[in-house]
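Heads up, the thing below is written out as structure tokens.
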Amino acid sequence: MDIRRTAGYLLAIVSCWAIIGLVPAAAADTALVEAAKKEGEVQIYSGQPREAEQLAKAFNKKYPNIKVNYYDAPIWQLYERYKGEYRAKRNIMDILYVSEVALAKLRDEGLLMEYNSPELAGYAPETLAPNRFWAIVKPFVAFPCVNAEAFPRKELYPQDWVDFVSPKPEWSGKVSVFDPRSSGVAYDVLYALSLKFGDDTTRKIYEGLRKAKARIFSSTPEGMQAAVTGEAPLMFYILQNHWAGAAIEKKAPLEILIPKSGAIISYAANGIVKNAPHPNAAKLFYDFMLSDEGQRVFAGMHMYALRKGVPPPKGLPDLKSIPKITFDPAKELARQKELIKLWTDAIGAE
Amino acid sequence: MQTGGRCVEWVASGTALVVVAILVLFPMGMLLYGSLLDSPPGEPGAKFTTENYVDAFSKISNRRAFLNTLTIGVISTVIALLLGVPLGWILARTNTPFHDQFEAIMIAPLLIPPVVGALAWILLASPQIGVLNFALKYLGIDVTLNIYTPWGIGWVIGAYLSPYMSLFVGGALRSMDPSLEEASRVSGAGLFRTACRITLPLVRPALLSGMLLVFVIAVGIFGVPTMLGWTSKYYVLTSRIWMTLSFSPVNYGLATALSTYLIGIAMLGVFLHKRFLRHRSYLTVTGRGFRPGRIDLRGWRWATFAFCCLYFLLTVAGPFLVTLIASFVPYTWKFTFSLENYQKIYGYQLFWQALRNTVIVSAVGATASLVLATVLSWLIHRTQIPGRGLIDYVVMLPVSLPGIAIAVGVVWTWIQVPIGIYGTLWIIVLGFVGRFLSYGVRSTSSNLMQIHPELEGSSRVCGASWARTLIRVTLPLIKPGIIAGWVLLFILFFSELSMVMVLGSYNSVMLSMLMFEQWQLGQFTTLAALSMVTFTVVFGLVGAFRRVVGADFRMQA
């Protein structure tokens with residue numbers, strides 16, 4: 001009897017706390033929504049083409065009274081644009097949605113707002129940003145790729161990044177690689193390889209690509225085009241969303257090759273800028289991107305979602321099941337000059 | 001009345017010069033200032049430095065890029081000349097069959113954005129997958145075309161820019177009194193001799209203006225040498241500038257310092273242009289009425305017809321067909337045709353806004369440019385205002401810079417101004433007008449130089465004011481140049497990307513930005529579809545414009 005009464009008391013206490021815990025949260029949400037509606041709009045500067053449009057559509061189904069304005073451009077141009085506007089006190093942007101590395105820089109410069117989104121409770125600790133100035137929204141996953149029709153012999157496919165140190169003769173003239181001086185992701189890959197294998201092996205990887213007469217492209221999409229047409233059917237790496245756009249949406253015969261050492265992972269994140277003109281609408285949109293609904297929008301665009309309970313996009317392996325190489329973006333830019341020199345010397349570019 | 005006329009002259013001149021200063025000199029000044037700092041203007045702690053210039057001029061890689069740039073410029077200009085000049089003469093002066101129809105599509109190469117043209121030429125002339133190489137192999141011809149060479153790059157750019165040569169030369173030929181050629185023919189000179197010894201020298205201003213413009217544009221193009229040269233480590237200045245602007249820290253100072261090579265090339269070109277044309281008279285439009293006729297080529301007209309067909313096949317039909325087919329397939333080359341790419345475009349929320357913005361900016365920008373260009377041309381060639389010769393140099397400055405660099409200067413200028421221009425369509429219009437003013441000036445100047453001052457002098461002697469003379473005498477005579485200039489600028493503005501990337505914002509999105517997005521996503525067949533939509537819209541609008549002004553234009557001829 002005593003046990004039952006005690007259990008009953010405990011249950012009552014827990015229920016009360018639960019109710020008390022819920023009520024303030026519901027009130028905060030409502031207050032935020034009302035404040036956001038008063039502001040009436042939110043401006044997103046996005047380094048991820050087309051994503052802001054899809055997110056905006058889904059957001060507006062839930063919050064039709066808040067207009068979402070978005071602008072897509074390359075990451076460092078957005079960074080410079082924001083800084084220019086901030087210096088001139090012409091703040092237009094509310095949210096910057098770009099690679100983590102750019103947000104890390106802005107945080108160091110004191111140009112981001114700190115915000116602890118309640119939606120972060122839905123994420124595993126290892127998927128959280130190291131601070132509350134930005135939130136990781138989705139990963140970029142880079143792995144080698146091949147046009148299986150133009151290059152059908154599977155025994156010739158690379159199994160790991162280090163296989164490029166000694167390229168097979170059949171690869172000659174058929175590989176594409178990307179210039180880290182013009183492509184941020186190419187630099188991410190270069191940096192990640194140097195962390196994983198050391199500078200010496202990384203140099204040998206790019207020397208191997210040079211031996212294989214790899215074609216250098218200024219950006220991944222150009223290389224993907226060359227792979228799709230069969231001109232350069234083996235790609236040193238491709239990003240999973242580019243691959244999905246070609247292989248899943250358009251049924252191009254591109255196959256991803258998961259390296260034994262791991263796919264290289266970097267992250268896209270969002271951050272609310274300092275002096276955002278619509279801070280409450282920004283917080284609401286920020287929360288939405290991290291919510292279950294928002295993350296399912298990403299999954300619908302063939303992106304991996306990091307939130308617990310959101311399944312991987314169709315046609316792509318579960319991120320938990322593949323080996324990964326990750327790195328700290330805050331440290332990435334410090335080695336830029338040195339690594340670019342390593343790359344230009346190894347690949348033979350000027 | 002004379003005093004009043006002079007007063008109006010000075011006010012108009014002064015206003016035009018102030019506008020040029022605002023649109024051209026301020027942004028250039030901001031860029032120059034930025035090139036002497038180690039971080040962007042206004043950044044706390046920014047310090048003066050010459051490091052950017054030391055880097056630009058001392059590094060071997062930059063010097064080699066400069067030489068490569070000159071090479072591409074020369075090859076492109078030669079190709080544009082070889083294609084565009086004969087075409088301009090054939091269409092303006094001969095009885096080649098279907099010359100009217102060819103003339104209607106003469107500007108077609110300009111409607112294909114250079115990046116799309118480069119992509120099309122990869123599909124046509126890549127050593128591994130080029131359609132033309134497959135055809136040559138099939139025919140047993142042991143020749144492999146390679147688009148990834150300086151000649152390949154020069155070909156794509158030269159073919160793209162050849163309509164400029166045709167328009168300049170054709171416009172000048174239409175305004176020319178044919179009695180000079182008739183006198184030559186009557187004296188026994190053959191067709192070819194007349195063309196070489198009489199016609200071409202008389203249209204030298206237009207020829208040189210066209211060559212100068214083509215060369216300066218060619219060395220400043222970014223997309224084509226990037227797509228075709230980067231894979232074989234062949235870098236030009238615009239590639240190097242792109243590198244400095246693509247990564248952190250973005251170094252606008254170094255980008256501007258590298259651009260001084262391009263500015264130097266442009267200034268040298270203007271200087272040589274002026275030097276070559278001075279002390280010579282090219283007056284071919286006089287007070288006597290004339291009716292330019294067409295030369296009867298007799299049997300040779302089929303040879304010129306074949307030339308026109310070949311020209312359009314190589315510069316338009318080939319790339320256009322490849323792009324058109326690509327727009328209906330999921331990827332190149334999977335031949336399952338559908339409208340999926342077009343449906344995707346029409347489903348974009350911003351598509352219609354982008355289309356509307358692009359039409360507005362292109363039409364308003366082209367019109368504003370031509371109004372200003374006409375006044376400036378008149379200032380340069382018809383007044384004695386001190387320093388008028390400098391105007392040519394000043395307006396040429398921005399076109400020699402890569403678009404992305406000059407756009408940064410425009411932003412740095414207008415972001416400080418409290419009136420609401422930054423972030424709107426207006427900053428794009430102002431940026432375009434400032435950057436491309438020289439196109440309009442070249443176009444109107446080459447026509448104005450052919451008109452004898454006696455025509456305007458007669459009007460003033462009869463009591464007409466400066467403004468009345470300008471409107472009733474000068475403008476109608478240079479109308480071909482104005483129309484050609486407007487069409488060129490409209491097309492250019494419609495597809496301009498590099499400036500729009502920096503000047504555009506969420507409420508001033510343009511079609512070229514949507515194209516760039518497709519490029520970033522690797523969706524080339526959707527990009528092809530967007531190119532086709534752009535092509536159709538521009539072609540339709542230009543056609544409508546020519547219908548409106550074309551009747552008057554043809555009556556003059």
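Numbers restart at 1 for each chain; the letters A, B, ... are given by sequence-line order, proteins then strands.
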query = Centres of the B/F351 and B/Y346 rings: under 6.0 Å?
reply = yes
key: Carboxylate-amine/guanidinium contact A/R335 A/E338, below 4.0 Å   = yes
Any donor-acceptor N or O pair under 3.5 Å, side chains A/H302, A/N241 = no
ask   = Which residue pairs pass the side chain to side chain donor-acceptor pair (under 3.5 Å) test with at least one member in residues 341-350 of chain A, sequence neighbours excluded?
value = A/K341-A/D345, A/E350-B/R64
inquiry  = Under a 4.5 Å cutoff for heavy-atom pairs, which residue among A/Q77, A/R50, A/K89, A/Q48 has the most contacts with chain B?
reply    = A/R50
ask   = Out of curiosity, A/I256 CD1 to A/L239 CG, how far, rounded to the nearest 0.5 Å?
value = 11.5 Å
remark   = Highest number of heavy-atom pairs under 4.5 Å with chain A among B/L521, B/I60, B/L514 belongs to B/L521
query = Among A/S183, A/G348, A/A56, who wins on heavy-atom pairs under 4.5 Å with chain B?
reply = A/G348
query = Quick one: which residues of residues 226-236 of chain B reach chain A at under 4.5 angstrom, heavy atoms only?
reply = B/T226, B/M227, B/W230, B/T231, B/K233, B/Y235
ask   = Do A/E39 side-chain atoms and A/A281 backbone N/O form a donor-acceptor pair below 3.5 Å?
value = yes
inquiry  = With a 4.5 angstrom heavy-atom cut-off, is it the side chain or the backbone of A/Y86 that approaches chain B, or both, or neither?
reply    = neither
task = Would you tell me whether A/N69 and A/E41 have side-chain atoms, one donor and one acceptor, within less than 3.5 Å of each other?
result = yes
inquiry  = Whether A/K250 and B/E340 form a salt bridge (side-chain N of Lys/Arg under 4.0 Å from carboxylate O of Asp/Glu) is what I want to check.
reply    = no
ask   = Side chains of B/E517 and B/Y348: is there a donor and an acceptor less than 3.5 Å apart?
value = no
Salt bridge (Lys or Arg N to Asp or Glu O under 4.0 Å) assessment of A/K105 paired with A/E100 = CA-CA 9 Å; A/K105 250 182 99 83; A/E100 248 190 314; over 6 Å; no
Between A/S218 and A/E222: side-chain donor-acceptor atoms closer than 3.5 Å = yes
task = Select one option (side chain, backbone, both, neither) describing which atoms of A/K83 are under 4.5 Å from chain B's heavy atoms.
result = side chain
ask   = Do B/Y422 and A/E85 get their side chains close enough for a donor-acceptor pair, meaning under 3.5 Å?
value = yes
ask   = So what's closer than 4.5 Å to chain B heavy atoms on A/K213: side chain, backbone, both or neither?
value = neither
ask   = For chain A, which of B/V502, B/L123, B/V408, B/T244 has the most heavy-atom pairs under 4.5 Å?
value = B/V502
message = Out of the candidates B/F26, B/Y252, B/Y33, only one should pair with B/W412 under the ring pair (Phe, Tyr, Trp, His ring centres under 6.0 Å) rule; please name it.
response = B/Y252
ask   = Looking at A/A226, A/A88, A/A252, which has the largest count of heavy-atom pairs under 4.5 Å with chain B?
value = A/A252
ask   = Do A/E332 and A/S266 get their side chains close enough for a donor-acceptor pair, meaning under 3.5 Å?
value = no
Intermediate values then yes/no, ring pair (Phe, Tyr, Trp, His ring centres under 6.0 Å), B/F524 and B/Y331 = CA-CA 7 Å; B/F524 294 108; B/Y331 62 89; over 10 Å; no
note = Value for CD (B/Q518) from OG1 (B/T525), rounded to nearest 0.5 Å, stands at 8.5 Å
key: Engaged part of B/T526 at the chain A interface, taking heavy atoms whose separation is under 4.5 Å   = both
inquiry  = Just to be sure I understand the criterion: a residue of residues 171-180 of chain A counts if one of its heavy atoms is under 4.5 Å from a heavy atom of chain B. Which ones qualify?
reply    = A/G173, A/D179, A/P180
query = Is it true that A/Y237 and A/F143 have ring centroids separated by less than 6.0 Å?
reply = no
remark   = Ranking A/E249, A/H242, A/K57, A/E53 by heavy-atom pairs under 4.5 Å to chain B gives rank one to A/E53
note = Ordered numerically, the heavy-atom neighbours of chain A under 4.5 Å found in residues 504-513 of chain B are B/G504, B/S505, B/Y506, B/M513
B/N62, part contacting chain A, at a heavy-atom distance under 4.5 Å = neither
inquiry  = Assess, by modelled atom type and distance only, whether the side chains of A/R181 and A/Y187 contain a donor and an acceptor separated by less than 3.5 Å.
reply    = no
